[in-house]
4 protein chains.
Amino acid sequence: MIDVGIIGATGYAGVELIRILHGHPQVHIRALGSVSFEGQDISDIYPSLAGICPQKLLATDEVIDACQVIFASVPHGVSEEIGRKCVDQDKLLIDLGADFRLTDPEDYKEWYKLEYKDPELHKQSVYSIPELHREKVKGAKIIGNPGCYPTSIALGLFPALKACVIDPDTIVIDSKSGVTGAGRGLSQTSHYPDCNEAFSPYKIASHRHTPEIEQTISQIVGRDVLITFVPHLLPVNRGIVSTIYSKLKTPLSPKEVHELYAHTYQGEQFVRVMKEGQAANLKNVRGSNYCDISLHVDTRTNRLIVVSTIDNMVKGAAGQAIQNMNLALGFPEDMGLHLAPLCF
Amino acid sequence: MIDVGIIGATGYAGVELIRILHGHPQVHIRALGSVSFEGQDISDIYPSLAGICPQKLLATDEVIDACQVIFASVPHGVSEEIGRKCVDQDKLLIDLGADFRLTDPEDYKEWYKLEYKDPELHKQSVYSIPELHREKVKGAKIIGNPGCYPTSIALGLFPALKACVIDPDTIVIDSKSGVTGAGRGLSQTSHYPDCNEAFSPYKIASHRHTPEIEQTISQIVGRDVLITFVPHLLPVNRGIVSTIYSKLKTPLSPKEVHELYAHTYQGEQFVRVMKEGQAANLKNVRGSNYCDISLHVDTRTNRLIVVSTIDNMVKGAAGQAIQNMNLALGFPEDMGLHLAPLCF
Amino acid sequence: MIDVGIIGATGYAGVELIRILHGHPQVHIRALGSVSFEGQDISDIYPSLAGICPQKLLATDEVIDACQVIFASVPHGVSEEIGRKCVDQDKLLIDLGADFRLTDPEDYKEWYKLEYKDPELHKQSVYSIPELHREKVKGAKIIGNPGCYPTSIALGLFPALKACVIDPDTIVIDSKSGVTGAGRGLSQTSHYPDCNEAFSPYKIASHRHTPEIEQTISQIVGRDVLITFVPHLLPVNRGIVSTIYSKLKTPLSPKEVHELYAHTYQGEQFVRVMKEGQAANLKNVRGSNYCDISLHVDTRTNRLIVVSTIDNMVKGAAGQAIQNMNLALGFPEDMGLHLAPLCF
Amino acid sequence: MIDVGIIGATGYAGVELIRILHGHPQVHIRALGSVSFEGQDISDIYPSLAGICPQKLLATDEVIDACQVIFASVPHGVSEEIGRKCVDQDKLLIDLGADFRLTDPEDYKEWYKLEYKDPELHKQSVYSIPELHREKVKGAKIIGNPGCYPTSIALGLFPALKACVIDPDTIVIDSKSGVTGAGRGLSQTSHYPDCNEAFSPYKIASHRHTPEIEQTISQIVGRDVLITFVPHLLPVNRGIVSTIYSKLKTPLSPKEVHELYAHTYQGEQFVRVMKEGQAANLKNVRGSNYCDISLHVDTRTNRLIVVSTIDNMVKGAAGQAIQNMNLALGFPEDMGLHLAPLCF
């Protein structure tokens with residue numbers, strides 16, 4: 001049994017880590033950290049965890065000291081210090097925030113208005129969507145766990161980009177995310193009467209996940225690519241749907257596109273290429289680590305339309321982090337992740 | 001006072017017509033028609049109308065005979081016969097269905113799998129989004145009231161297309177509609193546990209509103225244009241948000257785009273061009289006849305992003321029909337339509 | 001035209017006052033007050049009001065000085081000072097808060113932990129649910145507008161209590177309110193992911209509306225009555241449903257109960273006694289000033305079950321306030337209040 | 001490994017059985033039955049099950065023949081025939097419908113308008129809420145799995161009734177259920193625009209779960225008791241909250257009531273008595289087999305208020321059925337049921 005700890009345990013991603021790790025056969029949740037609620041029982045803040053997780057919330061350092069694997073879900077700018085301590089103590093850090101996602105320090109500076117203070121650390125970190133990068137994870141000391149939008153988009157575009165069937169410069173991504181994506185912190189936009197029965201885009205063509213999306217696309221394509229990315233706030237708790245538009249380089253039938261994707265993702269346990277004629281729906285992945293992808297061709301305009309959906313809290317955060325942990329520790333990649341979706 | 005009647009009064013658009021006409025100072029709701037509920041009180045089916053609308057539901061012909069203006073909200077293929085009777089009795093028909101929207105019979109045949117049986121009738125009809133076509137409405141005998149998606153999209157694109165600042169061949173439209181758009185008829189996709197906490201596109205690049213959208217765009221541009229249109233089902237009761245992407249022909253600043261739209265819609269009472277930095281949200285138009293438009297430029301990729309939102313039941317159906325009625329009868333265009341939105 | 005002002009204009013009740021007064025033929029919204037947003041345009045905070053209400057937000061005193069009628073929707077403890085100024089300037093104050101609802105200062109002290117500082121003022125104020133107290137309103141200087149729960153409950157119980165057909169000591173009230181009832185202020189319980197797909201009672205048998213409910217019941221019955229009142233937070237924006245249980249003193253048939261209620265409320269424009277067999281549903285009153293009441297008898301246990309529903313923002317706040325204003329000013333009681341419900 | 005089958009697999013309870021049994025270490029889902037969809041893949045109807053459950057849907061008899069344990073989730077009146085076949089083949093039937101819940105054939109006749117055709121069969125069946133009846137389950141041939149409302153209510157009342165601290169004749173139960181409780185079948189009341197942003201009671205004092213509730217209460221009390229039960233339709237997918245009112249025979253403090261409940265349920269894995277001051281919320285049990293109970297005393301009126309919440313699909317259906325299966329087969333009662341709630 002591996003002792004794991006969670007820093008930022010009272011955030012939504014933290015609670016989701018607890019929910020999933022609770023059923024993982026090879027780990028023991030040893031320590032939970034919280035700056036805001038230190039000293040309280042986690043079950044006082046989340047009564048859903050009564051009888052499941054009896055832990056008291058500890059200080060950050062206590063969590064690092066007590067555990068072999070540390071998950072951190074903290075605001076950007078905070079993870080470097082945690083990472084340094086983990087590396088120095090020879091412990092694995094899986095960071096669910098943004099600090100270890102971007103390889104180019106200039107991107108981080110431009111989009112997050114901060115600089116890397118410990119550049120050496122970043123050389124020891126890997127960014128991993130397991131389906132694309134799993135070979136890099138084994139033995140990593142720090143894993144930069146991907147953002148929710150970038151995960152849905154990278155998995156949705158990977159086969160088409162790799163096979164060079166679309167023009168990368170025509171990519172337009174219209175994403176919709178449930179409100180947990182905005183976190184547990186209070187804000188007017190997450191106030192129930194303001195976002196119930198409402199719908200709107202936000203951070204239009206300026207969301208911080210943009211450079212992460214472009215980083216992955218550019219790596220696949222082999223040159224710098226810019227895309228247009230517009231997220232919307234969806235009045236549901238969980239889930240992301242990304243509708244991704246691009247021009248096909250040469251006309252392809254729906255069947256050909258389907259075969260390309262089915263072939264590329266053959267053997268992947270957490271990517272489900274839907275049957276022709278089906279459309280991806282976030283309800284079908286709720287609570288699970290799946291990414292469902294449906295494929296559509298607008299033959300009139302020669303555009304490929306990919307619809308990619310994940311649970312932003314699972315494949316977009318806690319589930320993928322555990323998938324990365326499994327890879328890093330040499331466990332079967334799907335261990336503890338056989339969660340059937342709650343489709344209603 | 002004008003006697004008006006509603007055929008298909010128990011559908012959502014019918015009930016919305018009753019709600020709004022109830023406050024119109026120059027009309028009297030004289031007769032309501034329903035095939036399914038003939039003989040019953042409308043308030044037995046909609047208790048919300050108790051004390052407001054005491055009418056019994058009548059047969060179609062009774063409605064036509066009793067009224068000067070007839071609104072029809074019926075399945076496609078049914079309105080031609082109603083239209084013929086209205087024209088023969090010299091009455092005004094405002095058709096909220098699809099039968100008088102498409103000018104090219106071939107489009108109707110291709111997308112609706114039906115043929116116009118009474119082609120003469122269509123020559124006496126006009127299709128009218130008032131902000132674009134109001135001069136044609138006066139004296140019309142049949143008005144083809146626009147579809148909900150096409151209204152949001154035409155108003156969102158009109159200034160940019162008219163000023164030739166975007167490339168029409170790059171237009172991609174990602175629309176999201178509340179569930180009333182699917183009507184009162186039962187279906188698995190509108191079953192509460194199936195569409196609550198769910199989100200998915202449908203009729204991807206194959207929705208019947210596509211030729212109507214293209215008809216309007218092509219008329220503005222002066223040549224045939226094909227666009228990509230993908231609607232999604234949004235778990236809210238009312239409202240449409242269309243996020244519309246296109247390439248700018250030459251770079252424009254957000255300010256320049258804003259000025260173009262503000263100038264074009266100057267004096268329009270029902271189109272609100274939002275301030276720079278705001279994003280259109282369907283909650284702000286709920287229950288009202290407004291179309292809110294926000295404008296955004298992705299300067300990195302030189303794309304214009306227009307966000308256009310309406311209440312699908314009002315500006316997308318009943319409200320616009322009443323606006324068209326006002327125009328046809330020579331009333332002030334906004335009479336009875338000063339409905340403040342229920343933003344929560 | 002009467003100049004009216006709203007203090008606390010950016011709260012939900014304030015915005016709802018603007019929405020309804022916008023359509024009132026005899027008033028002009030002259031001034032809006034806000035402590036938090038003084039100096040800003042109301043439409044910057046509520047884009048739904050763009051083109052409808054161009055006003056800037058002012059200080060409290062500016063509102064009082066500029067208007068003949070003042071609506072105040074402010075936290076308890078703040079209204080006395082406003083009331084004093086209004087009375088001294090011979091202006092009408094309609095207070096939507098709790099400060100002028102309770103006739104016994106001891107009740108106010110016990111439940112609100114504050115004392116009346118200006119007891120003289122309270123003698124000049126009246127508490128008015130118009131259907132019960134309309135004769136007291138004419139000429140009043142200060143009107144204490146009832147709370148939302150108490151309105152639904154008083155209207156639901158009045159005929160049965162007045163006719164002495166139920167035992168007051170057996171009354172149990174199980175109420176459910178939409179989230180706007182908790183106001184625009186941020187709180188964890190109103191955070192979307194916390195209250196969407198959730199349901200729970202709160203302030204169980206300890207809600208501050210309890211003494212107001214008991215005050216009205218006791219007045220009707222003619223002696224002090226204590227009741228059990230449990231409110232619940234309902235994941236909808238608007239509306240209250242109160243399910244009210246009591247023992248019938250002698251067995252009555254559903255028909256007899258229905259006749260009692262229909263007779264008592266005969267001629268009332270805003271109370272709709274539903275037909276036998278129907279059940280009150282908050283959707284049928286949304287956006288309107290109606291109170292819908294359905295009546296049920298559990299003949300097996302000899303209990304009367306009254307279901308009473310209102311829109312908490314309209315009949316439970318802004319609409320009733322305007323109804324009271326109409327009475328005080330001698331306008332027709334229903335002026336500006338013919339709002340058809342948005343039942344979907 | 002035990003081969004289990006599900007008859008009525010495409011209903012909500014059926015799909016929930018699949019979801020939970022998928023993680024049960026000692027069973028293998030061998031066969032799924034469906035009258036409506038025989039011959040189709042379950043994953044074509046529920047894409048959420050793609051990759052999880054590859055089964056085709058079979059006829060009822062095929063399921064019985066292939067399995068040792070059969071779960072049936074079918075309309076009332078259908079289970080007797082299934083039960084007869086199972087008993088004859090010496091197989092265990094767990095019936096999630098109403099046919100084996102009522103011990104008195106007269107109750108079944110009165111409330112379901114049907115008669116038991118095979119009375120012998122009912123003598124071999126047991127009704128089991130495990131926390132109350134677990135000792136009866138071992139060796140049973142047919143288990144009548146309790147209804148959702150009765151489960152929440154029986155667990156909420158059991159300690160107080162058993163300890164004789166409340167007057168059973170004063171019990172009033174106000175329950176609220178998510179829409180999955182109404183099943184997958186289409187109906188106007190489950191149509192999204194009709195039940196979203198809506199709330200209403202239904203089957204007031206006439207719901208078919210009433211005799212089941214009274215049967216359990218009467219058994220505990222030792223005499224016939226009648227209660228008032230009013231269910232409401234709650235606009236959420238899952239979950240029941242029952243707010244249960246009764247008069248205390250003698251005054252008890254909140255602390256005393258809490259101790260009574262904590263003591264009674266000591267050692268129970270699936271009943272969580274909440275801390276004093278907390279209120280049960282359905283979000284805290286979503287997706288799990290827990291029943292959360294919070295306790296409140298209205299000291300002013302001497303009433304006990306119990307709030308009991310379950311996930312209607314889990315503890316109210318599939319989860320409890322599996323708990324009963326575990327008991328019947330001699331497995332640990334909680335096997336496969338360690339499901340952490342999805343609290344958001």
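Letters go in sequence order (proteins before strands), and every chain restarts at 1. Quantities reported herein were computed from a predicted structural model and do not represent experimental measurements.
Remark: B/Ser177 OG to B/Asn312 CG distance equals 4.5 Å, nearest 0.5 Å.
The part of B/Leu234 that comes within reach of chain A is its side chain, from C-beta onward, which places non-hydrogen atoms under 4.5 angstrom from that chain. No part of A/Gln278 comes within reach of chain B, as not one of its non-hydrogen atoms sits under 4.5 angstrom from that chain. Only the backbone of B/Ala280 comes within contact range of chain A, judged by heavy atoms closer than 4.5 Å. If you measure heavy-atom distances from B/Ile171 to chain A, the contacts under 4.5 Å come from the backbone alone. Looking at A/Ile204, the atoms closer than 4.5 Å to chain B (heavy atoms on both sides) all sit in the side chain, from C-beta outward.
Under the 3.5 Å distance criterion, with hydrogens and angles disregarded, a donor-acceptor pair is assigned to the side chains of A/Glu256 and A/Ser253.
A salt bridge does not link A/Arg208 with A/Glu110: none of the charged nitrogens is closer than 4.0 Å to a carboxylate oxygen. In this structure, B/Lys176 pairs ionically with A/Asp174, as a charged nitrogen and a carboxylate oxygen lie closer than 4.0 Å. Look at A/Arg223 and A/Asp169 and you find a salt bridge, because one of the NZ, NE, NH1 or NH2 atoms lies within 4.0 Å of a carboxylate O, short of that distance.
A distance below 6.0 Å separates the ring centres of B/His232 and B/Phe199. Aromatic ring centroids of A/His207 and A/Tyr149 lie under 6.0 Å apart.
For the options A/Arg300, A/His296, A/Lys247, heavy-atom pairs under 4.5 Å to chain B are most numerous at A/Arg300. Ranked by heavy-atom pairs under 4.5 Å with chain B, the list A/Leu226, A/Thr309, A/Thr170 is led by A/Leu226. Put simply, of B/Thr228, B/Val241, B/Asn196, the one with the most heavy-atom pairs under 4.5 Å next to chain A is B/Thr228. Comparing B/Val236, B/Thr299, B/Asn237 by how many heavy-atom pairs each has under 4.5 Å with chain A, the most go to B/Val236. When B/Val307, B/Val230, B/Asn284, B/Leu233 are compared by the number of non-hydrogen pairs under 4.5 Å with chain A, B/Val230 comes out ahead.
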